[in-house]
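To start, the structure itself, in structure tokens.
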Amino acid sequence: MVMKLFFGLLLLTYSVASNGQGSYQSGILPVLNVNKSISEGWSANVKWESRQSLASGQSLNESRTEFRYILSDISLITSKKVGLNNSLAGGYLMRIRGDKWIHRAIQQFTLVKRYSTLRLSHRFSTDQTFDPEELTELRLRYRITVELPLEGASVDPREFYVKINNEYLNSFQGKTYELEIRTVPLLGFGFTDSNKIEVGIDYRADAFLKNELSSNIWININWFVTL
Amino acid sequence: MSKTFFLTLFLFFYLAGCAFGQTKFEKESRLKIRQVPLQARLFVDSLGFQQKVKWYYEQNLQGNSIEAKFKVERKLYSVEFDTVGNLQDIEIGIGWQDMPAATIENICTALHAQYTSFTIHKIQVQYKGEPSALLSLLNKRQTEEPYTTNYELIVKGRIGRNVKLYEITFNQLGILTDTAEIIFRNTDNLQY
């Protein structure tokens, strides 16, 4: 049932992404997440994310295939547990694109709900991007994530699971407003509770408010490690 | 190039080694009906409920067990057996209204004494005894044979500024017999 849902969503995501009329970019998005508990209730997250383009174009008919490194993001976020299921976090991200460095401040609140056969997480976050050549960009984000075990009632060591992210990003830059929507169906495997790998499609759609749909389709590979 | 490669390789094995070293062994997996010991199947069949039964095999450090889970009249039943099918206990999700008033009073007194504030998330009644006693108890709601009743509560308790989730066991009279802190599974992949 869960696998049918996952493959259904994967197909739907791929079909929406590949039928888009506007410009698109696709590639690989590997992410390494390293987490470490610092003291009672406090933890740190170091994330490295790299984007490689495989194809891009103004439409699918005019696509150009090429392997091209685009950018790397490195972030450090400190998190404090503020309740049984909630945590507040804040940190800094550095984006390295060619010889240009872009800085971003991040603040987030996460709520994780546990049900008998799934886990649901709500993430509310804001970030401010400082690019020397552009106006400061402010984003308000909301992400809902569901994690469904494929065996038993919870994700145990050496078991597969399905994780689905849906995120809405409101961007304000000068007088312009943009909405980006992300849908990310992932198939995960937990080697242990503190070592998990997830693979899936990260589909991002924006500019549709201006009738100029821009799609980004990434093959997403996430590795989560807790030290 | 080779320096970067070996550094990446070192990082991979270091991270993998650190993460694997902290594992607590606990695993629950679904069982097909044909994999369930006959004795356990017969006992659940004899309860006479028509609901769909889900079977699980649970492995942990305390020992392995087989569990049948099903819902009757919006109450969750969990019947636990050992690996050869001997009945261990029966747990049923209940509400305050299903408990004797004196037991509720004792439980509330104990929780008020233990925690600055608390919220009860779940209540289960646990029956232990011979299969014939528990069968009669569930079918006829009474039995002449001896059996034990315990209440397991999942409680969110605050002590000072610390909020934690506990599994607290009370006996039939509402006297506290055991408290265990519930350790949550890692949520990093839901947070970042």
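Atom set for the values below is all heavy atoms of this structure, side chains included, hydrogens, waters and symmetry mates excluded. The chains referred to below are lettered A, B, ... by the order of the sequence lines, with proteins before strands, and numbering in each begins at 1.
Contacts between residues 94-107 of chain A and chain B, counted as heavy-atom pairs separated by less than 4.5 Å, involve no residue at all.
Under a cut-off of 6.0 angstrom, the local environment of CD in B:Glu73 is sparse, with at most 12 non-hydrogen atoms contributed by other residues, nucleotides or ligands. The number of heavy-atom neighbours closer than 6.0 Å to CD of B:Glu105, taken from other residues, nucleotides and ligands shown, is 12 or below. For A:Lys80, the NZ atom is densely surrounded, since the number of other residues' heavy atoms within 6.0 Å is greater than 12. Within a 6.0 Å sphere centred on NZ of A:Lys81, other residues, nucleotides and ligands contribute more than 12 heavy atoms. Other residues, nucleotides and ligands contribute over 12 non-hydrogen atoms within 6.0 Å of the NZ atom of B:Lys69. Summarising the local packing, CD of B:Gln97 is surrounded by more than 12 heavy atoms from other residues, nucleotides or ligands at distances under 6.0 Å.
A:Ser121 places a side-chain N or O within 3.5 Å of a backbone atom of B:Leu190 that can act as its donor or acceptor partner. The backbone N or O of B:Asn189 lies less than 3.5 Å from a partner atom in the side chain of A:Lys163, making a donor-acceptor pair.
For the atom pair CZ of A:Arg114 and NE2 of B:His121, the computed distance is 10.5 Å after rounding to the nearest 0.5 Å. The distance from atom CG of A:Leu84 to atom OG1 of B:Thr119, rounded to the nearest 0.5 Å, is 9.0 Å. Taken to the nearest 0.5 Å, the CZ atom of B:Arg30 stands 12.5 Å off from the CG atom of A:Leu150.
With a 4.5 Å cut-off on non-hydrogen atoms, B:Tyr192 touches chain A through its backbone and its side chain both. Residue contact with chain B, scored on non-hydrogen atoms closer than 4.5 Å, involves the backbone of A:Val155 exclusively.
Here A:Arg143 is the residue among A:Glu198, A:Arg143, A:Glu147 with the most heavy-atom pairs under 4.5 Å with chain B. Of the listed residues (A:Thr110, A:Asn45, A:Val112), the greatest number of heavy-atom pairs within a distance under 4.5 Å of chain B belongs to A:Asn45.
The residues A:Lys196 and B:Asp188 are annotated as not salt-bridged, no charged nitrogen and carboxylate oxygen being separated by less than 4.0 angstrom.
A pairwise comparison of heavy atoms in A:Asn85 and B:Phe184 identifies OD1-CZ, 4.3 Å as the closest pair.
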Exercise for review: Quick one: do A:Ser154 and B:Arg185 satisfy side-chain hydrogen bond (donor to acceptor under 3.5 Å, both in side chains)? Show the steps, please.
Suggested key: CA-CA 9 Å; A:Ser154 58; B:Arg185 287 174 190 281; 3.3 Å; yes
Practice item. Apply side chain to side chain contact (heavy atoms under 4.5 Å, CB included) to B:Gln191 and A:Asn33, showing your working. Key: CA-CA 11 Å; B:Gln191 207 173 335; A:Asn33 258 284; over 6 Å; no
